[in-house]
S.K.: 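After the structure tokens below, expect a handful of questions from me.
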Amino acid sequence: MLARILSATTWGIEAKVVEVEVDVGAGLPAFQIVGLPDAAVQESRERVRSAIKNSGFSFPAQRVTVNLAPAFLKKTGSDFDLPIALGILLATGQIKLASSFSLSDLFLVGELSLSGEIKPVNGILPIAHFLSLQRKDSLLLLSLHNATEGALVEGVKVFGFRHLGEISDFLTGKVTRSPFVVERERFFSFSSLSEDLSEVKGQKRAKRALEIAASGGHHLLFIGPPGSGKTMLARRIPSLLPLLSLDEAIEVTKIHSVAGLLSLDQPLVTERPFRAPHHTISDAALIGGGQWPRPGEISLAHHGVLFLDEVLEFRRNVLETLREPLEMGKITVSRAQAIITYPARFILVLACNPCPCGYLGDAQRVCTCSPRQVAQYRSKLSGPLLDRIDLQVEVPRLEVSEVSAERKEESSLEVRKRVERARTIQRERFAGDRIMLNGDMKTAHLKKFCLLTREAKKVLESSVEKLALSMRAYHHILKVARTIADLEEEDNIQVHHVAEAIQYRSLDRRWE
Ligand SMILES: Nc1ncnc2c1ncn2[C@@H]1O[C@H](COP(=O)(O)OP(=O)(O)O)[C@@H](O)[C@H]1O
Ligand SMILES: [Mg+2]
């Protein structure tokens with residue numbers, strides 16, 4: 001007897017249908033899985049065999065062949081245990097589908113334990129999302145632990161089960177159930193931003209740069225001696241960004257789902273991602289990779305912030321890999337097994353000391369580094385990478401008296417209101433375009449949207465010449481000036497907008 005069950009698997013952050021064909025026929029007892037399955041799928045045989053036996057059914061003493069189609073699509077992991085087990089039960093006639101169900105509407109995804117328990121798997125949100133768009137009448141059957149994640153998507157009926165026996169009772173019509181329902185808003189109220197900008201004393205210039213970065217989606221570098229508050233400032237950017245919209249939350253959650261990073265009690269990522277990988281990270285972990293390419297830190301930071309603290313400690317080749325995603329907002333990872341594209345649009349925040357000892361330019365302490373040491377230290381931030389950093393900000397060490405002063409500092413919420421206003425202006429500006437923020441503007445946008453007053457143009461041109469800036473740096477100044485003007489709700493870019501934007505490029509020449 002042959003049974004055909006539908007399942008699905010993720011491909012990047014998208015999903016694809018997998019057909020699980022089970023043939024049980026005469027021959028010596030054997031159990032074979034074909035169709036490009038990896039080791040975890042092969043192990044499925046042992047789990048399925050035990051799960052069936054321990055759920056009160058019998059495993060056929062016949063020849064069992066399972067084909068996972070399409071064959072060219074590489075299947076990984078243990079997601080197919082459940083459809084394989086069900087296929088065997090149907091093919092051997094041990095369960096009979098109730099007439100209210102049609103196999104062409106049922107999608108099963110899940111891992112089985114030896115006892116027949118259904119365990120959660122990664123990537124359920126992309127699968128549910130795909131079904132809601134492409135297979136509107138489908139029923140998604142999975143582990144109860146995955147049910148909340150699946151039900152976050154509207155337009156697909158999700159049913160969660162604990163045990164293989166429960167699924168069989170449901171499909172044979174012994175018990176009826178209604179689809180799993182979640183209140184998505186509940187997860188949004190979960191978000192709590194614990195770190196507030198008001199905790200940082202003084203540092204007006206750095207805070208202003210954070211506000212501009214958050215408003216226009218600009219990349220930022222903090223440079224200053226140890227203990228000056230660079231890390232503290234960077235950690236507070238997410239609190240300045242608008243809350244994720246539902247669509248953004250779902251996109252971010254899809255990436256985290258594929259990477260297996262969702263927690264069971266908070267399956268929707270509702271907070272802006274803030275990723276701060278350690279400087280020993282490999283390029284594969286940063287941009288994505290592995291035999292079967294998984295999203296890297298840059299994709300996990302999508303719609304949020306990627307923070308590289310002590311950036312000069314990172315390996316140079318690792319930093320270089322950032323250039324493509326910074327330009328494109330996505331990354332294509334190609335490995336022998338597959339070529340997969342993941343979104344990667346984030347605000348890059350870098351922090352570093354000015355020299356190996358950290359005290360170059362400090363008012364109190366003496367720097368002990370030789371000019372050669374300093375040059376070597378800085379050479380890692382290559383010109384092309386530094387060029388892409390719109391805002392370069394020096395963060396001086398505060399006096400103890402300033403840190404302990406009882407002054408009221410502006411809260412993140414107050415700054416966020418201005419950021420949101422500036423973002424609204426940008427949304428309207430780019431309504432017909434595929435970009436959202438000034439930081440993403442291409443050359444054509446610059447011509448169209450960055451109109452300068454005559455004075456402003458003169459100031460900009462003469463500064464670019466004086467500082468010997470590259471064309472790319474010139475474009476970045478324009479983008480930042482656009483954001484500064486938006487914060488003031490000005491249509492045209494004026495001299496003081498340009499002047500402020502140029503200030504943030506001051507490191508360009510001193511890095512040489
Ligand atoms: N402007 C500031 N306001 C309040 N505390 C500060 C400030 N600057 C530094 N600190 C204190 O100093 C500590 C070290 O700051 P940190 O951000 O780690 O410095 P850096 O990353 O520049 O080495 C912080 O945890 C904080 O307690
Ligand atoms: Mg630090």
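Note that ligands are numbered from 1 as they come in the structure, with each ligand's atoms numbered from 1 the same way.
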S.K.: Could you list which atoms of ligand 1 come closer than 4.0 Å to a heavy atom of Leu398?
M.R.: 1 (N)
S.K.: Checking the side chain of Asn353 only, and the main-chain atoms of Glu310 only, is there a donor and an acceptor separated by less than 3.5 Å?
M.R.: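 It does not hold such a pair.
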S.K.: Do Glu455 and Lys458 meet the salt-bridge criterion of a basic N to acidic O distance under 4.0 Å?
M.R.: yes
S.K.: Ion pair present between Arg162 and Glu117, side-chain N to carboxylate O less than 4.0 angstrom?
M.R.: no
S.K.: Measure the distance from atom 26 (C) of ligand 1 to every protein heavy atom, then report the residue, atom name and distance (to 0.1 Å) of the closest one.
M.R.: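 Going atom by atom, the protein heavy atom closest to atom 26 (C) of ligand 1 ends up being Met232 SD, 3.7 Å.
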S.K.: How about Ser257 and Glu149: does a side-chain donor come under 3.5 Å of a side-chain acceptor?
M.R.: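 Yes, side-chain donor-acceptor contact under 3.5 Å.
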S.K.: Considering non-hydrogen atoms of the protein only, which is the closest contact for atom 18 (O) of ligand 1, and what is the distance?
M.R.: Thr231 CB, 4.0 Å
S.K.: May I ask whether atom 8 (N) of ligand 1 is less than 4.0 Å from at least one protein heavy atom?
M.R.: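 Given the 4.0 Å cut-off, atom 8 (N) of ligand 1 counts as touching protein heavy atoms.
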S.K.: I'd like to know if Arg272 and Glu248 make a salt bridge, using a cut-off of under 4.0 Å between side-chain N and carboxylate O.
M.R.: yes
S.K.: Is the closest basic N to carboxylate O distance between Glu327 and Arg388 below 4.0 Å?
M.R.: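 Yes, Glu327 and Arg388 are salt-bridged.
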S.K.: Considering both backbone and side-chain atoms of Gly227, is one of its nitrogen or oxygen atoms within less than 3.5 Å of a nitrogen or oxygen in ligand 1?
M.R.: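 It does: an N or O of Gly227 is found under 3.5 Å from an N or O of ligand 1.
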S.K.: So for Ser228, does at least one of its heavy atoms come nearer than 4.0 angstrom to any atom of ligand 1?
M.R.: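 Ser228: in contact with ligand 1 (<4.0 Å).
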S.K.: Would you call Glu489 and Arg421 a salt bridge, using N to O less than 4.0 angstrom?
M.R.: yes
S.K.: May I ask you to identify the nearest protein heavy atom to atom 2 (C) of ligand 1, giving residue, atom name and distance to one decimal place in Å?
M.R.: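 Checking every protein heavy atom, the shortest distance to atom 2 (C) of ligand 1 gives Lys201 N, 3.6 Å.
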S.K.: To which protein heavy atom is atom 19 (O) of ligand 1 closest, and what is the distance rounded to 0.1 Å?
M.R.: Gly229 N, 3.1 Å
S.K.: Ion pair present between Glu320 and Arg323, side-chain N to carboxylate O less than 4.0 angstrom?
M.R.: yes
S.K.: Using a strict cut-off of 4.0 Å, indicate which atoms of ligand 1 neighbour a heavy atom of Pro226.
M.R.: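 Per the distance check, 23 (O).
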S.K.: At the 4.0 Å heavy-atom cut-off, does Glu199 count as touching ligand 1?
M.R.: yes
S.K.: Can we say Arg208 and Glu500 salt-bridge, meaning some charged N sits less than 4.0 Å from an Asp/Glu carboxylate O?
M.R.: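 Looking at Arg208 and Glu500, the cut-off is met.
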S.K.: If only side-chain N and O atoms count, and only distance matters, is there a donor-acceptor pair under 3.5 Å linking Gln373 with Tyr377?
M.R.: no
S.K.: Does a salt bridge link Arg429 with Asp486, judged by any charged N lying under 4.0 Å from a carboxylate O?
M.R.: yes
S.K.: What are the protein N, O or S atoms, given as residue plus atom name, that sit under 2.8 Å from the Mg ion (ligand 2)?
M.R.: Thr231 OG1
